[in-house]
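Here the structure is a predicted model, which is why all the values come from computation and not from measurement. Side-chain atoms are counted along with the backbone in the values below, which use heavy atoms only and exclude waters and symmetry mates. Chain letters run A, B, ... following the sequence lines, proteins first, then strands; residues in each count from 1.
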Amino acid sequence: MTKTNPGRFFEDYAVGDVITHAVPRTIKMGERALYHALYPARHALHSSDQFAQSCGLPFSPLDDLVTFHTVFGKTVPDVSLNAVANLGYAEGRWITPLWPGDTITATSEVIGVKQNSNGKSGVVWVHTTGRNQHGEVLMSYVRWVMVRKRSDSTAPEPVIPVLSTVVAPADLVIPHGLDFTSYDFALAGEPHRLGDYSVGEIIDHVDGVTIEEAEHMLATRLWQNTAKVHFDATNRTDGKRLIYGGHIISLARALSFNGLANAQMIVALNGGAHANPCFAGDTVRAWSEVLDTAETQAPGVGAVRLRLVATKGGAGVLRGEDGKYHPDVLLDLDYWALMPV
Amino acid sequence: MTKTNPGRFFEDYAVGDVITHAVPRTIKMGERALYHALYPARHALHSSDQFAQSCGLPFSPLDDLVTFHTVFGKTVPDVSLNAVANLGYAEGRWITPLWPGDTITATSEVIGVKQNSNGKSGVVWVHTTGRNQHGEVLMSYVRWVMVRKRSDSTAPEPVIPVLSTVVAPADLVIPHGLDFTSYDFALAGEPHRLGDYSVGEIIDHVDGVTIEEAEHMLATRLWQNTAKVHFDATNRTDGKRLIYGGHIISLARALSFNGLANAQMIVALNGGAHANPCFAGDTVRAWSEVLDTAETQAPGVGAVRLRLVATKGGAGVLRGEDGKYHPDVLLDLDYWALMPV
Amino acid sequence: MTKTNPGRFFEDYAVGDVITHAVPRTIKMGERALYHALYPARHALHSSDQFAQSCGLPFSPLDDLVTFHTVFGKTVPDVSLNAVANLGYAEGRWITPLWPGDTITATSEVIGVKQNSNGKSGVVWVHTTGRNQHGEVLMSYVRWVMVRKRSDSTAPEPVIPVLSTVVAPADLVIPHGLDFTSYDFALAGEPHRLGDYSVGEIIDHVDGVTIEEAEHMLATRLWQNTAKVHFDATNRTDGKRLIYGGHIISLARALSFNGLANAQMIVALNGGAHANPCFAGDTVRAWSEVLDTAETQAPGVGAVRLRLVATKGGAGVLRGEDGKYHPDVLLDLDYWALMPV
């Protein structure tokens, strides 16, 4: 009869269930200021109302990852509490920009379950949707996690969703009004347009940031993500706090400004792996690989598909000879961003 | 002829004096964002404008403790600078919610003085009132501190105020318009209503947060609380910075979401003790005891009186056999909050 | 053919060049809240809309150093990336207050170059101007840095600008409408007016703050200052992160409230030296020397010229017998502020 949240176990997920995640959250300019303090974020569209207006938007939207983190944070009490591992992301799409003053709510539909052969855990796939106060979809994505079982209950019929490995360019949603025909490259910080990037090109983002406990905790709390491992040094026997994987995503994305200053808005998350854990004291660097480019219907706006790698080591190194991620690699993210053609 | 503030000594307080505290402060959404980054605060009424509107409020007020910390911070240069100990709180009442854009000012009336038998210090009672820019009372509370004497001056006539040990339910002020009849428990995060809690019930809030120097200093500075001991590592011989007691109050209150998600607004502070000092590196947990419940005049709104304990140890442990606080206990707070019936 | 910014070398600066710095930045109340969390800033004009209104302003402007830090941060990728040393500031003037919602852009004109005799580096002088979204000048200042050469190229014709050692009182720009005739000294925190200060007077600001890595990084990032040395612990062989000199300026200025609470607005930066590097763990104190006072045309408004010294040691100590800065001294800043007469 405990009043506290015990979290859901594998048995508590049935395909078709829709979970309403708690605590709607109003996001304003305070969150943007903190985002800029926590990450070396400099993309002009998210920094200046006037720059955003010169690109056809009413004013500067929050960084796209603010939507992701806030929605993700809401799912933690319902999805992550008894999760053993965060296995993957797919089919993430940003549909509507997040404007200051918007209130975010989130729901998740269970779209797959598969018990592990050990009978002690299983994989759960959820399709999570974040909405604003008008009911408009801000973003949605599929995530799958390994979750502990509560008991020796019978395995459910396995349902494994078929997921795209990449969001098709035709399915990318371009923010209403976006127009890069008058794009100011000098104010944006770099002269490189979509045509200047080649598929296969590797960009070393050069800069590094050494991680502090206080900073990753401030960030993770800001998204109301309450997972114990990020905050409680007594939770692991080595006394370390595990850093929220999304902190590394935002850090790497911000570092990627240096070489990808014009990859202005994230519109799709094709996939992602948190390759190795990260701890305070680690110095995080980032590199990108250009995976694809595409046209869009919006004037002057192209799309670039990027692999973004966060690492404690050098650029270009991803996997060892055994095919496993190199121990220095923290994050391997596959996303689409919008860039002037 | 120093230009800096030497602080008040025991001799500088006379019953009936009213002290105007310096530096009015405008609070907006930036402070709310920081509050959410500094504490795992998730109470829905303070997180979402839409949720607050569904409860009859115009939009989401700042967390009630923001008012307390800001008012308290203003009193520090006048009350705490030569204080040896913060002895207690009583009769704290929140009268008007703090809305973004409000400017807080504070005054304190001296309501009691009593010199200690050692002749070197004395106890001072002040009744502190915080007001908004319209002159409306935001909150008021009584606090008493032990203050050093400047000299061997004669002891003043002792005046010891008679203080209530608890704010009577009839004296609780319910924010104008508050209505919990359409309260959305799913969005709020827990299904428990007032009737689900029993007097004497203990709630272990489970989660822990390990404290960082940067975080408690950011928080304490945010309230313009300038007490040296919180910021200057050379101030104590052990090189430790003493953590502002209010930081522990906010941390424990935020942790109490897990089990008390529907204890939405703090309306009274009946009493409180900072049982032991807290330092960076400590992992803080919290537990609550239900002390009482009461009805209010507002539709669907009840009140719950809670003991909130912050501790470095386990739930339920408060005092040793000697009647003294257990060394693990950091905070013992007694307050009223509003909860759907 | 790297996509990342290699920075400018000495050869890349020619007198008369105007550099447009990247990434305009909209500043709102979130940045103010962070400023108050990062520094013990308490000057009433920057804390309260109502106090600012009582001084003739429409509402409370951002702290003047927010303008400086944001403008300075924008120049880093173009001026500091290959800089060996930040040599000095001169002729800094604040022209228009920074209001919440303003967007800052910055440009720098190269006004001097002089190759060093070693042929490996040179000094570059830039006149930097920050503007708001209306094109109005927020502030401007001259800064000179020592920059590495890329190659053995021929030295350019040296051009050494003639710089004033102090901004003349007649050149100080008083914010439109500023009026201190109804100034509330009690709310501002101290009774001292301009006439109470004597030229040559030393004020020990008493309080100290021990610096944390997380705090100086949050602050420096907030201004989108991306200089590697502040963030990357692997950048120096001793594993230390060098603290942004501007962090020390803001910290010392905030500490100077205690004794200079009425030095409300900074209107000129006459000069400044970052005397010694500062690292996390250092406890920073501050003292001021009154260098001059002046009248202004605005009602009730005077100006005070102050030397602001940040130090790890005691008040009043500036240089050793050798004329060099004492090793404890971190900052020696010369500025004009406005104060009620």
Side-chain angles (χ1 to χ4, degrees), chain B residues 1-7 19-35 37-38 70 73-74 77-78 81 100-107 132-134 212-228 230-235 239-241 280, chain C residues 28-44 47-52 54 59-60 100 184-192 196-197 201 203-218 254-255 257-261 280-285 288 312:
Chain B
M1 278 264 301
T2 176
K3 291 281 197 314
T4 52
N5 176 21
I19 304 167
T20 297
H21 302 299
V23 194
R25 171 78 176 280
T26 305
I27 299 280
K28 293 200 180 174
M29 295 303 289
E31 282 77 11
R32 180 156 102 175
L34 268 164
Y35 197 85
L38 289 162
T70 308
K74 308 243 141 295
D78 298 312
L81 215 60
D102 279 357
T103 298
I104 300 179
T105 53
T107 55
N132 64 20
Q133 69 279 18
H134 311 298
E212 295 294 315
E213 298 283 14
E215 292 187 341
H216 78 81
M217 294 203 299
L218 286 168
T220 308
R221 244 185 245 115
L222 185 59
W223 319 124
Q224 297 182 320
N225 178 332
T226 58
K228 291 179 186 32
H230 308 317
F231 301 105
D232 181 349
T234 68
N235 199 67
K240 290 183 174 179
R241 275 161 276 182
Chain C
K28 293 199 180 173
M29 295 304 288
E31 283 76 10
R32 181 156 102 174
L34 267 163
Y35 197 85
H36 281 102
L38 289 161
Y39 306 108
R42 298 179 67 214
H43 286 91
S47 179
S48 162
D49 282 346
Q50 278 67 35
F51 191 93
S54 77
F59 40 86
S60 175
D184 188 327
F185 289 84
L187 284 183
E190 290 181 352
H192 323 302
D196 297 327
Y197 292 90
E201 180 176 352
I203 302 151
D204 179 355
H205 301 301
V206 181
D207 304 312
V209 171
T210 306
I211 303 245
E212 295 294 314
E213 297 282 16
E215 292 186 341
H216 77 82
M217 294 204 299
L218 286 168
L255 287 169
F257 177 91
N258 198 352
L260 285 166
D282 289 346
T283 297
V284 177
R285 296 169 199 288
S288 295
K312 297 185 283 181

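For chain C, the option among B:H230, B:M217, B:H21 with the highest count of heavy-atom pairs below 4.5 Å is B:M217. The choice from C:D49, C:L218, C:V284 that makes the most heavy-atom pairs within less than 4.5 Å of chain B is C:D49. No other option in B:Q133, B:E212, B:R32, B:E215 has as many heavy-atom pairs under 4.5 Å with chain C as B:Q133. Residue with the most contacts toward chain C among B:G30, B:P24, B:G101: B:P24 (heavy-atom pairs, distance under 4.5 Å). Options C:G259, C:G189, C:A214, C:S47 differ in how many heavy-atom pairs under 4.5 Å they form with chain B, and the most are formed by C:S47. Per-residue heavy-atom pair counts under 4.5 Å with chain B were compared for C:V206, C:L34, C:D184, C:T210, and the maximum is reached by C:T210.
The pair B:K3-C:D196 does not count as a salt bridge, with every side-chain nitrogen at least 4.0 angstrom from each carboxylate oxygen.
Side-chain contact between C:V209 and B:R221: present, with at least one pair of heavy atoms (C-beta onward) separated by less than 4.5 Å.
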Stepwise side chain to side chain donor-acceptor pair (under 3.5 Å) check, B:T220 with B:R241
CA-CA 12 Å; B:T220 308; B:R241 275 161 276 182; over 6 Å; no

Show your working on side chain to side chain contact (heavy atoms under 4.5 Å, CB included) between C:I203 and C:Y197 and close with a plain yes or no.
CA-CA 10 Å; C:I203 302 151; C:Y197 292 90; 3.6 Å; yes

Hey, mind stepping through B:T226 and C:F257 against side chain to side chain contact (heavy atoms under 4.5 Å, CB included) and telling me if it holds?
CA-CA 11 Å; B:T226 58; C:F257 177 91; over 6 Å; no

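Between the side chains of B:T20 and B:T107, no donor-acceptor pair is found at a separation under 3.5 Å. Between the side chains of B:T26 and B:T103, at least one donor N or O sits under 3.5 Å from an acceptor N or O.
Contacts between B:P100 and chain C at a heavy-atom distance below 4.5 Å are absent for every atom of the residue. For C:Y39, the part lying under 4.5 angstrom from a heavy atom of chain B is the backbone only. Proximity to chain C involves both the backbone and the side chain of B:A233, based on heavy atoms less than 4.5 angstrom apart. Interface remark: C:A41 contributes backbone atoms only to the contact with chain B (heavy atom separation under 4.5 Å). Only the side chain of C:T283 comes within contact range of chain B, judged by heavy atoms closer than 4.5 Å.
Taken to the nearest 0.5 Å, the CG atom of B:L222 stands 5.5 Å off from the CZ atom of B:R25.
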